[in-house]
Enquirer: 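I'd like to ask some things about the structure below.
Side-chain atoms are counted along with the backbone in the values below, which use heavy atoms only and exclude waters and symmetry mates. Since the structure is predicted, the reported quantities are computational estimates derived from the model, not experimental observations. Residue numbers start from 1 in every chain, and the chains themselves are labelled A, B, ... in the order their sequence lines are given, proteins ahead of strands.
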Amino acid sequence: MFLATYHAIEEALRASAGEEDVQLIDGGEHADLASTVAFRLAKVRKKAPAAIAQEIASEIAGTLDDRDVQVEVIGPYINFIFGRRYASRAAEAALAEGYGQLAPRRTSVCIEHTSANPNGPLHVGHIRNSIIGDTLARAFRKAGHPLEVQYYLNDMGRQIAIVSWGFDTLAVEPREGEKGDHYIARVYVAANRAIGDDPATAAEIDRRMALIEQGDPDTVRKFRHVVSMCADGIKATLQRLNVHHDRYIWESDFVRNGQMETTLDRIASLPECIRDDVLSLDLTGCGFEKRYVLRRSDGTSVYAARDLAYHIWKGSNFDDIIDVLGADHKLIGAQLIATLGLLGENAPEIVHFEFVSLPEGSMSTRRGTFVSADELIDEVTERALEEVTARRPELDLDERRAIARSVAVGAIRYDIVRVSPDKSTVFDWKEALNFERQSAPYIQYAHARACSILARAGEFEAACDLATENEIALAKHIALFPRMVAKVVEERRPHMLATYARELADLFNQFYRYEPVLKSEGVVRDSRLTLVKAAQNTLHETLETLGIDALRSM
RNA sequence: GGGCUUGUGGCCUAGUCAGGAUAGGGCGUUAGCCUCCUAAGCUAAUGGUCGGGGGUUCAAAUCCCCCCAAGCCCGCCA
């Protein structure tokens, strides 16, 4: 609805102004859309912008009547105001199941996100990755792309060698009911402490790394054991957060299947390759000072070598590759892209997000200074349960728990996704536990209210003739949802969806406050019920895309 | 030292890439609104040198240059 109207306006302006770029901007409080093309034409036509705006407006005004678009001029601005018919039709269009789903697209996409090392549980920094990645994935599905979401499991790094050493030599016992990932973190922290500066232990770690690379069966078994234990815990946490991966890719597979070796052979034949005691690339031509080392002097490979093989594999299976990575990976990400470019391979597009820290400083699994995702979910759920119990004491405990879970996960996801990825943040318990406005529960609540109205309404005629300002403003915003989905995908910025959801809830609440639905009569009642249904459906689809449960009652 | 990112009322944040009309929200504080579809709500008040300085432009939070501050990176770790 919006897009078709947008394009019609664009075409009309192009024809009249004779410019390709007709300077369409958001009209703010003045209009639904506005054009500032008159400024641009002032020099060419040697006339005042306001006069030009007037000319263009009178020329195109009639052509947009069938779309219910009114053209007005304020000074040099050409304003386009959508009318009642537009709004009414937009509301009707939003009744369809799966509203916002765009037409199927051919470009297949692979999104890799989270991929945290299996040496401890996910913490509040990691889940920023998970939530950005998962929301992006949901948006890509909504936008019609064939998609696979992957978790790249680093199962043969130094950290895992340290964990396996600690597991074998330190008597760290699992606690009663302790999840594997939390247990592994304690082993990892203890192992790091035990190793200290001892060169003998460091040598033992190196030995394990050489053995895992050679595929020594006993070492493989040991590594697999600790990695699986940790990964199972991570998977459970992701599930709690409504985060879904289609596949887990084990890093060591690229060593076992020979693809890493093939990749290193190809790199060895590049003119940028330097072979002395190590295998490395001189990327100064791409603007990187330091050498990009791929194989150590002891013959073992570094992470980057396996990562290159992984990306080449992804590139041969998908059209677009998107990696969600922390800002600390910016340099190596750029080096990876440059190297894939030298090899003539499909390079990923990397969505970076800045760090999450604690008020007392940065988080570290090694030091054990982090707030785990599980701990966060537990706390927020408990707080949510108190809230639900206070508001809905009549519900039985299971029902209240179910609502609390959805509220808690929603609150966490929304709190994280609403902030632009390139802003570093400080984790704040007070903020995390607040369920008012600019939070998921606020949006979930708007949805639940809409559901409640519809449940009480019973059958009604499908009519839609919107009239009041509140009705029209809400319907117009509903009309923007498909465009939002397209934008989030194009710009890879999921936080825009969070802003949209909040605005939609704001408009619904205003409508709810001022326009009685069930108490109105005749076509007004039917129209308002249709609008409530459209709003409910759009809120539902928006929440779904954000990975937040659209509760029917709360 | 070099590179990347960020800086918007007391606090958090949208808008910056694709310049346009009075810089949107929220938290907090203050004052109101439940015999009326769920008050996780609504209304109003309060609060801004858009880090600082220059420049480009009819027009700058937005583009360019310089400076300041914070975070991150610069390993034969991942």
Enquirer: If you draw the axis of the six-membered ring of Phe508(A), does the NZ or CZ of Arg449(A) fall within 45° of it and under 6.0 Å from the ring centre?
Expert: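 Verdict for Phe508(A): no cation-pi partner in Arg449(A).
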Enquirer: Enter the distance from Ile443(A):CD1 to Arg437(A):CZ here, rounded to the nearest 0.5 Å.
Expert: 10.5 Å
Enquirer: With the 90 degree cut-off around zero defining syn, does C34(B) come out syn or anti?
Expert: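 This nucleotide is in syn.
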Enquirer: Work out how far the C1' atom of G26(B) is from that of A60(B), and round it to whole angstrom.
Expert: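 Per the computed distance, 26 Å lies between those C1' atoms.
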Enquirer: Got a salt bridge between Glu490(A) and Lys487(A), using NZ or NE/NH1/NH2 to carboxylate O under 4.0 Å?
Expert: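 Answer for the salt bridge query: no.
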Enquirer: Return the pairing partner of G20(B) with a 3.5 Å limit on both distances, Watson-Crick or G-U wobble; otherwise return none.
Expert: C58(B)
Enquirer: Indicate, with a heavy-atom threshold strictly under 4.0 Å, whether Leu294(A) touches base, sugar-phosphate, or nothing.
Expert: nothing
Enquirer: So which nucleotide does U46(B) pair with, by the Watson-Crick or G-U wobble rule with both distances under 3.5 Å?
Expert: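 Partner of U46(B): G28(B).
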Enquirer: Assign Ala498(A) to base, sugar-phosphate, or nothing according to its heavy-atom contacts below 4.0 angstrom with the strands shown.
Expert: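 Counting heavy atoms under 4.0 Å across all strands, no contact is made by Ala498(A).
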Enquirer: Taking a pair as Watson-Crick or G-U wobble with both distances under 3.5 Å, which nucleotide is matched to C77(B)?
Expert: none
Enquirer: Which part of the nucleic acid, if any, lies within reach of Val278(A) when heavy atoms closer than 4.0 Å are counted: base, sugar-phosphate only, or nothing?
Expert: base
Enquirer: Rounded to whole angstrom, note down the P distance from G48(B) over to U43(B).
Expert: 23 Å
Enquirer: What residue among Val517(A), Asp526(A), Asn470(A), Leu474(A) forms side chain to side chain contact (heavy atoms under 4.5 Å, CB included) with Leu531(A)?
Expert: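 Of Val517(A), Asp526(A), Asn470(A), Leu474(A), side chain to side chain contact (heavy atoms under 4.5 Å, CB included) with Leu531(A) is met by Leu474(A) alone.
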Enquirer: Identify, between Glu503(A) and Lys43(A), the residue whose nearest nucleotide on RNA chain B lies closer to the 5' end.
Expert: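 Counting from the 5' end, the first nearest nucleotide belongs to Glu503(A).
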Enquirer: Roughly how many Å apart are G20(B) and C63(B), using the C1' atom of each and rounding to a whole number?
Expert: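 Between the two C1' atoms, the distance is 14 Å.
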Enquirer: Under 4.0 Å, heavy atoms only, any strand: does Glu515(A) hit a base, just the sugar-phosphate, or nothing?
Expert: base
Enquirer: Rounding to an integer number of Å, can you tell me how far Leu325(A) CG sits from C72(B) P?
Expert: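 From Leu325(A) CG to C72(B) P: 17 Å.
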Enquirer: Please pick, from C37(B), G24(B), C76(B), the nucleotide with the shortest atom-to-atom distance to any side-chain atom of Ser297(A).
Expert: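 Nearest to the side-chain atoms of Ser297(A), counting from C-beta on, is C76(B).
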Enquirer: Determine, for Glu515(A) against Arg528(A), whether the closest basic-nitrogen to carboxylate-oxygen distance falls under 4.0 angstrom.
Expert: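 Looking at Glu515(A) and Arg528(A), the cut-off is met.
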Enquirer: Need the pair for U6(B). Rule: Watson-Crick or G-U wobble, both distances under 3.5 Å, any strand; none if unpaired.
Expert: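 A69(B) is the nucleotide pairing with U6(B).
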Enquirer: Tell me which of Glu289(A) and Gln159(A) sits closer to the 5' end of RNA chain B, going by the nucleotide each one is nearest to.
Expert: Glu289(A)
Enquirer: With the threshold set at 4.0 Å, does a side-chain nitrogen-carboxylate oxygen contact exist between Arg14(A) and Glu10(A)?
Expert: yes
Enquirer: Separation of Arg208(A) atom CZ from C77(B) atom P, in whole Å?
Expert: 18 Å
Enquirer: Have a look at Val302(A) and say if it touches a base, only the backbone sugar-phosphate, or nothing, with a 4.0 Å heavy-atom cut-off.
Expert: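 Here Val302(A) touches the backbone only, sparing every base.
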Enquirer: At 4.0 Å (heavy atoms only), tell me whether Asp277(A) reaches a base, stays on the sugar-phosphate, or touches nothing.
Expert: base
Enquirer: Check whether the aromatic ring of Tyr77(A) stacks on the base of A21(B), taking stacking as ring centres less than 5.5 Å apart and planes within 30° of each other.
Expert: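 Yes, Tyr77(A) stacks on the base of A21(B), since the ring centres sit under 5.5 Å apart and the planes are within 30°.
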Enquirer: Looking across every strand, which nucleic acid part, if any, lies under 4.0 Å from Tyr442(A) by heavy atom: base, sugar-phosphate, or nothing?
Expert: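 If one applies the 4.0 Å heavy-atom cut-off, Tyr442(A) turns out to touch the sugar-phosphate alone, with no base involved.
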Enquirer: Roughly, in whole Å, what's the span from CZ in Arg40(A) to P in A18(B)?
Expert: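 That distance rounds to 13 Å.
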Enquirer: Taking 4.0 angstrom as the limit, do Glu399(A) and Arg392(A) come out as a salt bridge?
Expert: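 Not counted as a salt bridge, because no side-chain N and carboxylate O are separated by less than 4.0 Å.
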Enquirer: Categorize Met554(A) for me: base, sugar-phosphate, or nothing, with a 4.0 angstrom heavy-atom threshold over every strand shown.
Expert: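 Base, at least one base atom sits under 4.0 Å.
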Enquirer: Would you mind classifying the nucleic acid contact of Ala34(A) as base, sugar-phosphate or nothing, using non-hydrogen atoms under 4.0 angstrom?
Expert: base
Enquirer: How many Å lie between CD on Glu29(A) and P on G25(B), as a whole number?
Expert: 10 Å
Enquirer: If we take the P atom in both C42(B) and C27(B), what is their distance in whole Å?
Expert: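 Here C42(B) and C27(B) have their P atoms 9 Å from each other.
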Enquirer: Checking Thr369(A) against Ser364(A) for the side chain to side chain donor-acceptor pair (under 3.5 Å) test, could you report, in this order, the C-alpha distance in whole Å, the side-chain angles of both residues, the deciding distance, and whether it holds?
Expert: CA-CA 5 Å; Thr369(A) 53; Ser364(A) 158; 4.5 Å; no
Enquirer: Rounded to the nearest angstrom, tell me the gap between atom CZ in Arg306(A) and atom P in C76(B).
Expert: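 The answer, rounded to whole Å, is 14 Å.
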Enquirer: Between U49(B) and C4(B), how far is it from one P atom to the other, in whole Å?
Expert: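 Straight-line distance between the two P atoms is 30 Å.
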Enquirer: With a 4.0 Å cut-off on N to O distance, would you call Lys314(A) and Asp323(A) a salt bridge?
Expert: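 Answer for the salt bridge query: yes.
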Enquirer: Do Gln150(A) and Tyr310(A) pass the side chain to side chain donor-acceptor pair (under 3.5 Å) test, and can you show the C-alpha distance, the side-chain angles, and the key distance before you say yes or no?
Expert: CA-CA 11 Å; Gln150(A) 299 184 348; Tyr310(A) 172 43; 2.8 Å; yes
Enquirer: From the list U16(B), C74(B), A21(B), which nucleotide is the closest neighbour of the side chain of Asn79(A)?
Expert: A21(B)
Enquirer: Compute both the distance and the angle, then confirm whether Arg224(A) meets the cation-pi test with Trp250(A): under 6.0 Å from the six-membered ring centre, within 45 degrees of the axis.
Expert: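 The answer is yes, since Arg224(A) meets both limits relative to Trp250(A).
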Enquirer: Could you work out the separation of C64(B) and U16(B) based on their P atoms and round it to a whole Å?
Expert: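 Roughly 14 Å separates the two P atoms.
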Enquirer: If we call it a pair only when both distances are under 3.5 Å in a Watson-Crick or G-U wobble match, what pairs with U35(B)?
Expert: none
Enquirer: Any N or O donor-acceptor pair under 3.5 Å from the base of A18(B) to the side chain of Glu491(A)?
Expert: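 Indeed, a donor on one side and an acceptor on the other fall under 3.5 Å apart.
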Enquirer: Tell me whether the side-chain N/O atoms of Asn509(A) come closer than 4.0 Å to OP1 or OP2 in G41(B).
Expert: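 No, Asn509(A) has no side-chain N/O under 4.0 Å of OP1/OP2 on G41(B).
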Enquirer: Can you tell me how far C1' of G41(B) sits from CG of Asp506(A), to the nearest Å?
Expert: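 In whole Å, G41(B) C1' lies 11 Å from Asp506(A) CG.
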Enquirer: Using a 4.0 Å heavy-atom cut-off across all strands, classify Gly157(A) as base, sugar-phosphate, or nothing.
Expert: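 Here Gly157(A) touches the backbone only, sparing every base.
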Enquirer: Over how many whole Å does the gap from Leu41(A) atom CG to A59(B) atom P extend?
Expert: 18 Å
Enquirer: Treating primed atoms plus P, OP1 and OP2 as sugar-phosphate and everything else as base, which nucleotides of nucleotides 4-14 of chain B get B, S or - for protein heavy atoms under 4.0 Å?
Expert: SSSSB---S-S
Enquirer: To the nearest 0.5 Å, what is the distance between CZ on Arg40(A) and CD on Gln23(A)?
Expert: 4.0 Å
Enquirer: OP1 or OP2 of C77(B) less than 4.0 angstrom from a side-chain nitrogen or oxygen of Arg158(A), does that happen here?
Expert: yes
Enquirer: Using a 4.0 Å heavy-atom cut-off, does Val532(A) contact any base of the nucleic acid, only the sugar-phosphate backbone, or nothing at all?
Expert: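 Nothing: the residue Val532(A), judged by heavy atoms under 4.0 Å, touches no strand.
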Enquirer: Nearest to the side chain of Arg437(A), which nucleotide is it out of G28(B), G25(B), A78(B)?
Expert: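 Selected nucleotide (nearest to the side chain): G25(B).
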Enquirer: On a whole-Å scale, what distance lies between the P atoms belonging to G25(B) and G47(B)?
Expert: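 So the two P atoms sit 15 Å from each other.
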Enquirer: Between C37(B), C36(B), C27(B), which one does the side chain of Lys519(A) approach most closely?
Expert: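 The answer is C36(B), which lies nearest to the side chain.
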Enquirer: Is there aromatic stacking of Tyr512(A) on G41(B) here, judged by a ring-centre distance under 5.5 Å and a plane angle under 30°?
Expert: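 Here Tyr512(A) fails the 5.5 Å or the 30° condition.
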Enquirer: Please give, in whole Å, the distance from A18(B) P to Glu10(A) CD?
Expert: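 Between P of A18(B) and CD of Glu10(A): 17 Å.
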Enquirer: Taking the same atom, P, in G15(B) and in C73(B), what whole-Å distance lies between them?
Expert: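 Per the computed distance, 25 Å lies between those P atoms.
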